[in-house]
Number of protein chains: 2
Amino acid sequence: MTARPTPPRSRRERPAKPALTRESIVATAVAVLRAEGLEKVTMRRLAQELDTGPASLYVYVRNTAELHAAVLDELLGTVGPAPADGDWRDRLERVLGAYTAMLMEHPSLARSALTARPSGPHYLNLIETLLALLDEGGVPPAQAAWGVDLLLLFATATAAEHAGRGSSADRARQEEWDALAHAVHNASERTHPHIAALAGVLLSGTPSSRRSWGVRTLLNGIERTAPSDPTPS
Amino acid sequence: MTARPTPPRSRRERPAKPALTRESIVATAVAVLRAEGLEKVTMRRLAQELDTGPASLYVYVRNTAELHAAVLDELLGTVGPAPADGDWRDRLERVLGAYTAMLMEHPSLARSALTARPSGPHYLNLIETLLALLDEGGVPPAQAAWGVDLLLLFATATAAEHAGRGSSADRARQEEWDALAHAVHNASERTHPHIAALAGVLLSGTPSSRRSWGVRTLLNGIERTAPSDPTPS
DNA sequence: ACCTGAACACCGTTCAAGT
DNA sequence: ACCTGAACACCGTTCAAGT
């Protein structure tokens, strides 16, 4: 008889069946997200990972959308507080940049963030940080409040644009961009004079220069647009 | 023998099996979208509707995403040209409002528009219209070009926010809003002073007043933010 | 070339039944 | 109360085979 030091205790090598809790489910979901993307964060896959059946997860999580929202708030914890140096606009741009960068790593999460706005503690921290920076910049409170929404919508939507269905997403997006570029360059001067005249600049700019311009544009607008703005006669 | 004027020619009542073309597929897709929402616009369902197997559709459509993009451009045709009366800002707000309203009727389409930017003829028309209005307002060309992108991103994202999974989406969204409202109202004055101070205004405003403020804010920003804006020393 | 049946590899969610 | 096997009702996409 040969020595057989560690007999398998379960079917697989998994060290121990982890306790089934909301936390263990979310933690597993984050691990699967990091390793294989949100597409694989499914009830069935998570159940398999946790050595149980999909029905068991419904004791702790209402549905897939809620699960994805929980995952998002978890990742929001990795977006640090505002940096200490620089003027308030710079700092705001960097905070928003960190948020966007996190979402860019998981664009499908951005997509779901758009639909299921998070309300977890990490999300509140982000809002507080942005409000503090706008306050520091002297932006009137009402405009700051609505402005935070606009800034987060912009950042989230920018990241969501890069979401793809499956791994062939990059190729597909390239083809879409080519199609749009082709359409813009071939726009008739007669029917689409403005597009024809601006073809170059319409397609110009790096993603980061556009993002930076977007944030500055938003801030300039937020600073000087009052919520009701009744049309002066 | 009783008279039997119209014997069924096929299994179902369907008058005639329509020819399978890209157009008939897209037309069927639009019909299903209008009747039951984008969730039902699936390859399998369309195949059933067209009396064939799902595999047949792949001769005319690359994949589901491309199909949804084609549907979007089709609906874009219902967004009319710019109205003739009013000042350029008003008119721009109304054009963008019509675009948003169309997407609001099919928010899941907005979601997919965010990922798969359309490049069809109707989309080009919309861009041309917006560029013309910005030009009329004296907005510098480069800012107008990038601004159109920002305006469309805002409108699309606003509509996409209302996308839901299934018919229980409204209830789910209400619960999310309640959760956020609760979190905002219970924010600690010590850890989240700005949120606590601005709780009321953070949650205020009707969707339409916020949308209107958003467009005006964007326009104000676009008008006065130059693309490169090198930091002056 | 165009079309298709059948298969592959998945999904979310519910429910009756167990402990 | 918590957990689960099994089922229901779907998906997208591919491929070999037909016409």
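Here is how names work: the chains are called A, B, and so on, in the same order as the sequence lines, proteins then strands, and each is numbered from 1.
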Revision key, fill the gap. On DNA chain D, more 5' by nearest nucleotide between A:Val59 and B:Arg44 is A:Val59
Check your understanding: Would a distance-only check, ignoring hydrogens and angles, find a side-chain to backbone donor-acceptor pair under 3.5 Å from B:Trp146 to A:Val201?
Key -> yes
**Study point:** Atom-to-atom span, CD of A:Glu36 to P of C:dA9 - whole angstrom
**Key:** 17 Å
Study note, to complete from the structure: Separation of C:dC11 atom P from B:Lys40 atom NZ, nearest Å, is 20 Å
Review point. Are any of B:Thr64's side-chain N or O atoms less than 4.0 Å away from OP1 or OP2 of D:dT13?
Key: yes
**Study point:** Identified pairing partner of C:dT13, criterion: Watson-Crick or G-U wobble below 3.5 Å
**Key:** D:dA7
Practice item. Starting from P on D:dC10, measure out to CZ on B:Arg45 and report it in whole angstrom. Key: 10 Å
Review point. Does D:dT19 have a Watson-Crick or wobble partner in any strand here, with both distances under 3.5 angstrom, and which is it?
Key: C:dA1
Practice item. Consider the side chain of A:Ser56, meaning its heavy atoms from C-beta on, and name the nucleotide among D:dG12, D:dT4, C:dT4 that approaches it most closely. Key: D:dT4
Review point. So, the side chain of A:Thr156 versus the backbone of A:Leu152: is there a donor-acceptor pair under 3.5 Å, distance only?
Key: yes
Study note, to complete from the structure: Among the nucleotides D:dA6, C:dT4, D:dT13, whichever has the atom closest to the side chain of B:Ala55 is C:dT4
Practice item. Quickly work out the B:Glu66 CD to D:dT13 P distance and round it to whole Å. Key: 11 Å
**Study point:** Nearest-angstrom distance, P atom, C:dA9 to D:dC8
**Key:** 23 Å
Revision key, fill the gap. Contacts of A:Met43 and B:Pro54 projected onto DNA chain C by closest heavy atom; the upstream (5') one is B:Pro54
**Study point:** Audit row: B:Arg62, B:Glu66, salt bridge (charged side-chain N to carboxylate O under 4.0 Å, His left out) steps and yes/no
**Key:** CA-CA 6 Å; B:Arg62 197 191 304 267; B:Glu66 195 201 290; 3.6 Å; yes
Check your understanding: Counting only N and O atoms by type, is there a donor-acceptor contact under 3.5 Å from the side chain of A:Glu128 to the main-chain atoms of B:Ile195?
Key -> yes
Exercise for review: Give the nucleotide from the list C:dT13, D:dC11, D:dC15 with an atom nearest to the side chain of B:Thr42.
Suggested key: D:dC11
Point to revise | Atom-pair distance (OH on A:Tyr58; C1' on D:dG5), nearest Å | key: 15 Å
Revision key, fill the gap. Rounded to whole Å, the CG-P distance (A:Leu57 to C:dG12) equals 10 Å
Study note, to complete from the structure: Among C:dG5, C:dT14, D:dT4, the one nearest any side-chain atom of A:Thr52 is D:dT4
Practice item. Return the value, rounded to whole Å, for the distance between atom CD of B:Gln48 and atom P of D:dG12. Key: 12 Å
Check your understanding: Does CD in A:Glu23 sit with more than 12 non-hydrogen atoms of other residues, nucleotides or ligands closer than 6.0 Å?
Key -> no
**Study point:** Distance in angstrom units between B:Glu39 CD and D:dG12 P, rounded
**Key:** 12 Å
